Asker: 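Got a structure here, written out as structure tokens. Questions coming.
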2 protein chains.
Amino acid sequence: MGAARSRVERAFAVLDAFTPERPSLRLSEIARRAGLPLTTTHRLLAELCALGAVERDRDGTYRVGLRLWEIASLAPRGVPLREAALPFLEDLYEVTHENVQLGVREGQDVVYIERIAGRRAVGVLTRVGGRFPLHASGIGLVLLAHAPDRVQREVLEGPLQRFTDYTITDPALLERVLAQVRRDGVAVSDRQVTDDALSVAAPITGARGEVIAALSIVAKAGDTVAARLAPAVRAAARGTSRALSARRA
Amino acid sequence: MGAARSRVERAFAVLDAFTPERPSLRLSEIARRAGLPLTTTHRLLAELCALGAVERDRDGTYRVGLRLWEIASLAPRGVPLREAALPFLEDLYEVTHENVQLGVREGQDVVYIERIAGRRAVGVLTRVGGRFPLHASGIGLVLLAHAPDRVQREVLEGPLQRFTDYTITDPALLERVLAQVRRDGVAVSDRQVTDDALSVAAPITGARGEVIAALSIVAKAGDTVAARLAPAVRAAARGTSRALSARRA
DNA sequence: ATGGTCCCTTCCGCTCAGCGGAAGAAGGGG
DNA sequence: CCCCTTCTTCCGCTGAGCGGAAGGGACCAT
């Protein structure tokens with residue numbers, strides 16, 4: 001275990017121990033997950049608690065602290081992006097009452113920044129703050145289609161994970177789909193993530209015209225759904241793009 | 001400057017250099033703000049970048065990285081609380097098209113977790129991820145009224161900052177208002193934050209009945225606004241409370 | 001062209017912040 | 001009582017991290 005990890009790296013190993021399934025952990029669990037000795041972990045947790053980055057419950061368990069979220073809310077690709085997009089996401093939601101999502105690319109994954117989910121909307125597999133492979137979802141396809149060549153190549157080299165019978169796992173097919181996404185300005189993921197859901201996604205561009213995020217609607221799959229939703233999705237993405245460009249001017 | 005700060009503390013001093021006004025900073029600015037030598041700062045930034053906690057732009061400036069937000073989205077008092085409350089906040093927004101907010105108490109401040117703002121809604125001073133003193137806003141009054149005695153005492157000992165002519169800065173008056181908030185189950189902040197806005201807030205309780213958050217509507221001040229909005233605010237808070245309790249069962 | 005200012009990057013001798021095993025305490029269950 | 005798990009504290013040791021110094025680059029004014 002003496003893998004010559006720096007102090008900051010160890011602190012983040014501790015923070016990485018928390019998951020959506022296990023947001024609350026005991027000292028020894030954190031030590032085990034982080035691969036650190038008990039005393040090192042104990043000391044780090046004491047320090048992170050003093051800083052508010054970790055909070056300790058009355059029952060002795062630790063969880064991620066609000067102070068960390070306060071700092072993180074300044075990440076330009078997180079909360080500020082969400083705030084710019086929110087009016088447009090809201091409009092999209094009001095018009096459709098379907099799931100509306102916003103995501104950015106990080107490596108070969110989508111990171112979901114926002115989701116507005118109606119009570120009767122179709123279930124989605126994704127979580128705000130969570131990740132998902134680029135090649136399957138609507139948002140992911142848009143982000144991949146506009147990603148640097150290097151990233152596209154890496155993803156196409158695979159493996160392309162299968163989620164349903166419809167998931168694209170053939171690199172040649174995926175490449176053709178990406179070209180189409182770039183032509184169409186919109187991506188459709190039809191039952192490629194879950195058997196019952198279809199998503200339509202469009203790119204959000206920054207001040208220099210580069211694609212920096214994407215937004216989508218996720219609805220119950222059906223024959224005319226994509227064609228029906230695409231114009232609204234495009235409009236919301238364009239609105240968001242305009243708002244972001246105006247911000248930098 | 002040799003204030004015997006630990007490595008993790010210094011890393012957080014670096015992260016604390018970023019503000020909403022200055023989300024993008026140069027190395028030397030960060031060093032100055034963090035009160036650290038250039039080389040220490042440089043090394044820390046390199047490490048934080050490698051971890052994704054900080055990102056470096058093409059132009060050489062640094063900003064908070066998305067990885068930090070991913071981790072922080074697991075803070076139970078942040079994104080998960082927001083997700084539980086969101087359907088109710090959405091309903092409240094759809095019914096009123098006014099500003100809807102969600103906040104939690106951290107020390108003597110509200111930390112704003114969520115805000116849904118319509119395009120025509122009255123302006124608010126608060127920011128998602130930002131803080132505000134407890135004694136002035138609707139949310140703050142609710143959280144203060146139900147805070148531990150120690151916290152209430154500390155706030156009442158002042159100073160109670162003034163935002164408008166209507167802000168309560170007299171401890172005796174504030175104490176009476178807090179008692180009323182506890183009786184009424186709702187707080188009204190009438191032009192106490194900005195001259196034109198009134199907010200109505202209600203408490204959100206956790207599984208053990210303790211107040212853990214509050215939500216509010218912020219609208220343009222007027223004669224019957226509070227009475228008109230209070231039932232809906234109460235209902236949204238109760239709904240959220242129920243959702244949170246069901247979660248723990 | 002030169003000089004000045006600001007910013008950034010790298011180097012290196014030094015030292016103390018942080019390490020982790022060991023010991024012991026606490027809690028729960030049989 | 002014993003056993004197991006979890007947590008907290010201690011302390012000798014050492015290498016991770018320190019920060020001043022050196023140097024390079026970019027920009028601006030003369």
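Sequence lines set the chain letters: A, B, ... in the order given, protein chains first and strands last, and positions in each chain run from 1. Please read these numbers as outputs of a predicted model, since none were measured by experiment.
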Asker: Using a cut-off of strictly less than 4.0 Å, decide whether B:Ser28 has a side-chain nitrogen or oxygen near OP1 or OP2 of C:dC8.
Answerer: yes
Asker: So how far is it from B:Leu160 CG to B:Leu134 CG, rounded to the nearest 0.5 Å?
Answerer: 10.5 Å
Asker: So, is B:Arg10 close to the D:dG17 phosphate, meaning a side-chain N or O under 4.0 Å from OP1 or OP2?
Answerer: no
Asker: To the nearest Å, give me how far apart CG (A:Asp59) and P (D:dC7) are.
Answerer: 10 Å
Asker: Is the shortest side-chain N to carboxylate O distance from B:Glu55 to B:Arg67 below 4.0 Å?
Answerer: no
Asker: Between OH of A:Tyr62 and CG of A:Leu15, what distance do you get to the nearest 0.5 Å?
Answerer: 13.0 Å
Asker: Could you state the OH-C1' distance from B:Tyr62 to C:dC7, rounded to the nearest angstrom?
Answerer: 11 Å
Asker: What's the CZ-C1' distance between B:Arg7 and C:dC19, to the nearest Å?
Answerer: 15 Å
Asker: Both B:Thr40 and A:Arg32 contact DNA chain D. Taking the nearest nucleotide for each, which residue is further toward the 5' end?
Answerer: A:Arg32
Asker: Would you please say whether a donor-acceptor pair under 3.5 Å links the side chains of B:Thr167 and B:Gln161?
Answerer: no
Asker: Is a side-chain donor-acceptor pair under 3.5 Å present for B:Thr205 with B:Glu210?
Answerer: no
Asker: Indicate yes or no: does B:Arg22 engage B:Glu29 in a salt bridge with an N to O separation below 4.0 Å.
Answerer: yes
Asker: Could you tell me how far apart B:Glu29 (CD) and C:dC8 (P) are, to the nearest whole angstrom?
Answerer: 8 Å
Asker: Quickly work out the A:Arg5 CZ to D:dG17 P distance and round it to whole Å.
Answerer: 13 Å
Asker: Let me check the geometry of the helix from C:dA1-D:dT30 to C:dG30-D:dC1. What is the bend angle between the axes at its two ends, five pairs each, to 10°?
Answerer: 40°
Asker: When the distance from CG of A:Leu27 to P of D:dT8 is rounded to whole Å, what number comes out?
Answerer: 7 Å
Asker: With respect to the phosphate group of D:dT8, does any side-chain polar atom (N or O) of A:His42 fall under 4.0 Å of OP1 or OP2?
Answerer: yes
Asker: Are any of the side-chain heavy atoms of A:Ser137 and A:Val110 separated by less than 4.5 Å?
Answerer: yes
Asker: Can you tell whether the side chains of A:Glu175 and A:Arg153 come within less than 4.0 Å, N to carboxylate O?
Answerer: no
Asker: Between C1' on D:dG19 and CG on B:Leu38, what's the gap in Å once rounded to a whole number?
Answerer: 10 Å
Asker: When rounded to the nearest 0.5 angstrom, what is the spacing between CG in A:Asp109 and NE2 in A:His135?
Answerer: 10.5 Å
Asker: How many Å lie between CG on A:Leu36 and C1' on C:dG20, as a whole number?
Answerer: 11 Å
Asker: Strictly under 3.5 Å: I want the nitrogen or oxygen pairs between protein and nucleotides 21-28 of chain C, one per line.
Answerer:
none

